[in-house]
**Q** 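Pasting a structure below so you can have a look.
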Amino acid sequence: TRVAILISGGGSNMVRLVQDMTGDHPARPVLVASNDPEAGGLKRAADLGVATAAVDHRDFPRDREGFEAALLEPLLAARPDIICLAGFMRILTPGFVQRFAGRMINIHPSLLPKYPGLHTHARAIAAGDAQAGCTVHLVTPELDAGPLLGQARVPILPGDDADALAARVLVQEHRLYPAVLRRFAAGDRTPVMFPR
Ligand code: GRF
């Protein structure tokens, strides 16, 4: 099973996914692509021996379709079976999403359906929630709304600010996403729930 991973920044989730795709894992990484040529994750991917590509979304102002057409070139050339969005910060058009319907997944740093979109940790703290976490879901045209493939919970502690909570959640993202991809690549869509 061929996996392409889309990133926008440091790619810490991508690194964990790549590092997990060894041995008896049914999948292998075939491409890491970014909308930012300066994304730190591109170097990390290359250091891990994975092919990389970058299409700068700033080259396509007010032309989302043009950006996606450019991104599709290296992406389709890699012949991916599964696409993982990992810290990918661009909204994809329904047309792009439909091309990969049922085989594109994303990790979002909240307990969806709570807090789709941005600034998830600040919103959970402001709401006085006792828990926060991350969710892996199938990507559908509606933002952060597809069927759940995994979820990990963490406590929100007294004195937490967004950065402290983000750091606690990120540790769980790095556990959850590889666990979900292993199942998903094996054709198993039973949700992965942490803690069990
Ligand atoms: C992190 O905030 C993470 O919660 C979210 O995307 C951001 C960057 O992730 N998934 P990564 O380090 O680039 O994987």
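The first residue in the sequence is number 1, and the count goes up from there. Note that the structure is predicted; figures quoted are calculated from it, not measured. We count ligands from 1, going down the list as the structure has it; atoms in each ligand are counted the same way. We use all heavy atoms of the structure for the numbers below, so side chains are in, but hydrogens, waters and symmetry mates are not.
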**Q** Identify, with sequence neighbours excluded, every residue that meets salt bridge (charged side-chain N to carboxylate O under 4.0 Å, His left out) alongside R168.
**A**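 Scan of R168 (salt bridge (charged side-chain N to carboxylate O under 4.0 Å, His left out), adjacent residues dropped) gives D160.
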**Q** Please check if atom CZ in R103 has more than 12 non-hydrogen atoms from other residues, nucleotides or ligands closer than 6.0 Å.
**A**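 Count over threshold, so yes.
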**Q** Can D20 and R16 be counted as an ion pair, charged N to O under 4.0 angstrom?
**A**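 No, no charged N to carboxylate O under 4.0 Å.
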**Q** Looking at residues at least two apart in the chain, or sitting in another chain, which of them share a side chain to side chain donor-acceptor pair (under 3.5 Å) with T190?
**A**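 For T190, the residues satisfying side chain to side chain donor-acceptor pair (under 3.5 Å) (neighbours in sequence not counted) are D188.
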**Q** Is the shortest distance from a Lys or Arg side-chain nitrogen in D24 or R182 to a carboxylate oxygen in the other one below 4.0 Å?
**A**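 Answer for the salt bridge query: yes.
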**Q** Measure and list all N/O to N/O distances between ligand 1 and the protein that fall under 3.5 angstrom.
**A**
residue, atom, partner, partner atom, Å
ligand 1, 4 (O), E173, OE1, 3.2
ligand 1, 4 (O), E173, OE2, 2.5
ligand 1, 10 (N), E173, OE1, 3.1
ligand 1, 12 (O), S12, N, 3.0
ligand 1, 12 (O), S12, OG, 2.6
ligand 1, 13 (O), G11, N, 2.9
ligand 1, 14 (O), S12, N, 3.3
ligand 1, 14 (O), N13, N, 2.8
ligand 1, 14 (O), N13, ND2, 3.0

**Q** Return the set of residues passing side chain to side chain donor-acceptor pair (under 3.5 Å) with R2 (not counting sequence neighbours), or none when no residue passes.
**A**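 Here no residue qualifies.
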